[in-house]
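Computation of the quantities below employed the complete heavy-atom set of this structure, encompassing side-chain atoms and omitting hydrogens, waters and symmetry-equivalent molecules.
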Amino acid sequence: MKKIDFLFIGILISAAVLRLCFLDKYPPGLYSDEAAYGYNAFSLLETGRDEFGKNWPISFKSFGDYKPAMSAWLIIPFIKIFGVSDYSIRLPSALLGLLTVFGVFLLSKEIFEEKKNKFFKYLPYLCAILLAVNPWHILFSRSSMLVSIEATFILFGFLFFLKAIKKPQFFFLSALSFCAAIYSYYGSRVTVPLLIITLAFNFKNGLGKVKKQIAMAIILGAVSLSPLLIAFYKDPLVITGRAKTVSIFYDPGIKLKLWEAHTLDGSDFPVVLSRFFHNKFYFYFRDFLKRYVGHFSFGFLFVNGDKQIPFDLPRYGLLYLVDIPFFLYGLFLMIKYRTQKRTALVLYLFLSPVVSSFSFLTPAANRSFNMVVPWVIISAFGIIEFLNRIHVTWKNWVIGAIGYLYVLSFVHFLFIYTYLVPMMSPASWHYGRQELVQKIFKYENNFDKVFVPNDYGPAYIWLLLYKNYPPQTYLKEANINDVPDELGFVKVNSFAKYQMVNNYDWEKVEKSGKHLYIGFEEQIPDFWYGIWQGKIYKVDVLDKVVYPNGKIAFKLIKVNLVQE
Amino acid sequence: MGYVLSILTAVCLSAVYFALLGKIERSWRMFLVGLIVLFFSPWIWVLILEKPAIGELVNTKPLKFSLLSNVDYITSAEFLFFKNDNRLFWGTGEHGFLLPSLILLILLGIWLCANTKKHHLILKSFLILLFVSFVSIEVVGIFSVFLILPHLTFFAAIGLLTLYNGAYKNHSKFYAVVSLILTGWFLYEGLRFLRVMQVTQNIKL
């Protein structure tokens with residue numbers, strides 16, 4: 001076997017280790033969305049229906065956010081083989097993350113076909129290495145958060161499109177990949193059409209010769225998307241449901257600013273002019289632009305990352321600082337010595353944050369995740385081109401220095417990810433729910449009701465997941481508040497003996513010796529005497545769930561009657 | 001005294017700006033484009049109106065002190081183009097130091113300087129001043145950003161001029177359309193900026 005093939009296998013093994021090992025421990029805890037996917041996959045496996053009893057839905061209503069179904073479909077075979085566990089739920093995302101490393105290798109070979117000098121043959125390997133150790137990619141590959149799956153399909157859709165310029169049969173694979181991306185994540189419903197239009201415009205000269213294959217690929221795509229379109233026709237919330245909770249067009253802030261601007265103009269100022277200067281189009285456009293540019297900000301990419309839970313890495317960004325000069329140099333050269341394929345890659349980068357810019361929680365690491373693929377390729381290209389310009393005397397020293405900086409950055413990231421995240425922000429990933437549910441199982445037979453707080457995540461989903469609760473039974477017992485809250489989320493009030501309490505206030509919760517109470521550390525005091533309906537009770541702590549940093553996550557409590 | 005200092009600063013920075021433009025091309029067209037871009041730049045009006053005063057700018061510093069945080073603060077698009085710092089009252093209303101429509105033009109201007117060997121010195125001087133502003137923000141607060149504003153405005157002006165040259169000299173329809181859109185956008189924002197400034201100046205604190 002040639003030396004170069006061992007290199008690629010070594011890269012894949014490293015990527016596999018970084019994505020597959022301790023998948024149930026890092027990140028710590030199974031986030032609510034992951035648990036929802038896991039349970040819906042379980043429900044589909046057992047009954048062919050989701051948690052709401054819908055027969056193989058295209059979107060899961062779930063918490064009222066209408067999650068795309070691809071992630072759950074991919075989880076099904078793994079929970080069939082390995083059973084329901086954090087590991088099996090995250091495994092499809094991790095495997096597709098690994099596949100993305102392979103995809104980047106192929107994509108870079110496709111884009112940079114020329115063999116300019118001896119370093120250039122290592123470019124695909126460098127792209128694969130940079131993605132394998134990329135913090136942003138590791139963060140999302142190791143969680144079942146949709147975007148890792150979406151990014152893989154978009155990457156392969158893009159790759160097959162580029163291949164199809166010379167070999168038109170690849171258009172069918174491209175169409176299927178893009179369709180799979182649309183089933184994987186909400187944002188793809190905007191990103192994929194934009195990307196396809198951009199690619200078509202970019203390669204318009206070459207596409208004229210293959211109209212027949214393109215037409216057939218479009219028909220194939222339309223057929224693949226028909227279930228989604230039919231589902232949308234029956235229930236528009238399948239596609240628009242999530243937009244209502246996150247879109248800037250539903251954010252009252254813009255309307256308030258508009259109202260304020262008109263008010264400041266005063267009644268003496270001509271209305272026409274006031275509307276000319278202050279209008280919805282300009283305000284939304286400005287807001288979109290601000291959010292879009294924010295995705296390229298130094299702070300977001302290299303210093304603070306995404307501050308929204310659970311994607312917040314304490315004291316770390318999403319990318320390595322050492323990437324910056326090579327990325328800028330690579331980008332400069334890509335534009336200066338542009339080819340159609342290089343232009344397509346640059347457009348891929350700049351299109352990636354578009355959909356995220358339409359949401360009001362920006363900049364968002366998950367919604368702009370597609371940026372990571374062109375980023376690593378351009379950075380790798382910058383490194384190779386930089387090395388080509390170094391005098392041969394210094395080459396080894398420079399390679400060593402760059403390698404050292406990357407190793408240092410990677411080790412720092414690993415420290416943050418494996419130590420600081422569990423220590424500083426375990427609650428972000430909803431740590432402790434599995435242990436809590438196991439403890440509830442242990443004690444619940446002695447009680448008629450179990451009160452569980454709904455704060456910091458919908459409690460019902462972990463109860464269902466870790467109990468492998470029969471979906472048909474759940475459907476009969478569930479008491480669901482179908483009226484969405486201000487963020488569009490639907491809440492489950494109770495099922496069986498489990499009572500989900502919103503805005504948990506210990507003083508107002510019904511007290512009885514027959515009830516088991518679950519609370520966060522700050523919600524229920526360890527020492528408490530109180531009166532409920534004329535009877536005096538005191539708190540008796542049965543058990544606790546502890547975070548990795550030793551702080552208390554949950555308490556399991558009963559109340560004892562002291563005096564009637 | 002503060003007002004005199006503010007006006008002097010405006011004059012000095014404008015001189016730097018026009019000197020940079022003069023390095024590229026000495027023509028009435030360059031001067032006119034440069035003047036219009038400068039006229040519609042909020043930062044020059046901040047100095048002319050002295051709102052906020054230089055003293056206030058110097059005393060307003062980032063909440064976090066580290067080189068990386070300083071870099072984040074100064075290079076933040078929200079700070080430069082959209083919103084500025086909320087802790088101060090800006091005579092220019094809710095604007096950054098530059099209008100958002102200049103973002104693409106600035107990138108084009110930077111590209112032109114990077115792509116032309118004889119303009120590398122301008123780019124190097126910008127990078128040096130950028131670094132100085134990162135470091136000096138802890139001493140002179142937000143005022144350190146003014147070190148780089150003439151360069152950024154310069155990049156925008158040459159970006160705009162390059163588009164015009166592409167449209168008229170090269171008879172390129174693409175350049176014509178792009179320059180029309182960007183000019184229209186810039187002029188709209190410029191007029192809007194003047195109106196917002198007018199409204200803000202009428203407000204008594």
Side-chain angles (χ1 to χ4, degrees), chain A residues 201 253 256-258 260-266 268-270 273-279 281-283 285-305 307 315-317 320-321 324-325 328-329 331-338 346 350 353 357 362-363, chain B residues 62-64 66-84 93-96 98-104 106-108 110-117 120 123 127 130 134 174 181 184-185 187-203:
Chain A
F201 186 75
L256 282 170
K257 280 188 182 170
L258 203 47
E260 188 188 12
H262 286 305
T263 308
L264 286 172
D265 273 344
D268 295 335
F269 194 69
L273 280 179
S274 186
R275 284 191 182 158
F276 174 72
F277 288 128
H278 313 298
N279 52 76
F281 175 77
Y282 178 72
F283 271 55
F285 172 71
R286 196 170 190 263
D287 193 53
F288 165 80
L289 186 63
K290 184 181 77 172
R291 295 176 189 285
Y292 177 82
V293 177
H295 285 89
F296 295 96
S297 74
F298 184 84
F300 170 64
L301 293 176
F302 305 105
V303 183
N304 307 311
K307 300 317 286 176
R315 305 173 201 167
Y316 212 80
Y320 297 128
L321 276 167
I324 300 173
L328 290 173
Y329 188 50
L331 186 64
F332 171 73
L333 292 174
M334 293 276 282
I335 298 172
K336 185 170 182 174
Y337 303 110
R338 53 187 172 272
V346 172
F350 288 111
S357 308
T362 54
Chain B
L63 296 169
K64 272 198 262 184
S66 74
L67 184 61
L68 289 181
S69 298
N70 294 349
V71 173
D72 174 28
Y73 186 80
I74 287 180
T75 59
S76 153
E78 192 164 334
F79 174 67
L80 285 174
F81 297 101
F82 292 97
K83 213 171 158 187
N84 236 315
E94 195 178 86
H95 279 97
L98 295 158
L99 296 178
S101 49
L102 295 184
I103 294 173
L104 281 173
I106 288 170
L107 291 173
L108 180 59
I110 291 174
W111 160 262
L112 286 164
C113 284
N115 214 16
T116 315
K117 218 166 180 180
H120 280 184
L123 202 56
L127 292 172
L130 192 62
F134 293 156
F174 173 75
I181 292 171
W185 180 14
L187 287 175
Y188 172 76
E189 283 199 330
L191 291 171
R192 190 178 172 276
F193 159 67
L194 292 178
R195 172 60 193 162
V196 168
M197 198 165 58
Q198 182 195 9
V199 167
T200 313
Q201 291 306 299
N202 284 335
I203 294 170

Using non-hydrogen atoms and a 4.5 Å limit, figure out which bit of B/Ile103 sits close to chain A: side chain, backbone, both or neither.
side chain

Restricting to non-hydrogen atoms, name the atom on B/Ser66 and the atom on B/Ser69 that form the minimum distance, rounded to 0.1 Å.
OG-OG, 2.9 Å

Any side-chain heavy-atom pair from B/Phe81 and A/Lys290 closer than 4.5 angstrom?
no

Taking every non-hydrogen pair under 4.5 Å, which of A/Phe276, A/Phe302, A/Phe269, A/Phe300 racks up the most with chain B?
A/Phe269

Could you measure the distance from the CG atom of B/Leu67 to the CG atom of B/Asp72? Nearest 0.5 Å is fine.
11.5 Å

If you take the centroid of each ring, where Trp contributes its six-membered ring, are A/Phe350 and A/Phe296 closer together than 6.0 Å?
yes

Can you tell me which portion of A/Phe285 sits under 4.5 Å from chain B's heavy atoms? Options are side chain, backbone, both or neither.
side chain

Whatever's closer than 4.5 Å to a heavy atom in chain B on A/Asp265 counts as both

Of the backbone (N, CA, C, O) and the side chain (C-beta and beyond), which part of B/Ser76 lies under 4.5 Å from a heavy atom of chain A, both, or neither?
neither

Side chain to side chain, A/Lys336 and B/Asn115, heavy atoms closer than 4.5 Å
yes

Interchain contact, B/Tyr73 with chain A, by part (heavy-atom threshold 4.5 Å):
neither

Taking side chain as C-beta onward, heavy atoms only, is A/Tyr292 less than 4.5 Å from A/Thr362?
no

Sort A/Leu273 into side chain, backbone, both or neither according to what part of it lies under 4.5 angstrom from a heavy atom of chain B.
neither

Heavy-atom contact with chain A under 4.5 Å, split by part of B/Arg195:
side chain

Would you find a donor on one side and an acceptor on the other, under 3.5 Å apart, between the side chain of B/His120 and the backbone of B/Ala114?
yes

Counting only non-hydrogen atoms closer than 4.5 Å, does A/Arg291 touch chain B with its backbone (N, CA, C, O), its side chain (CB onward), both, or neither?
neither

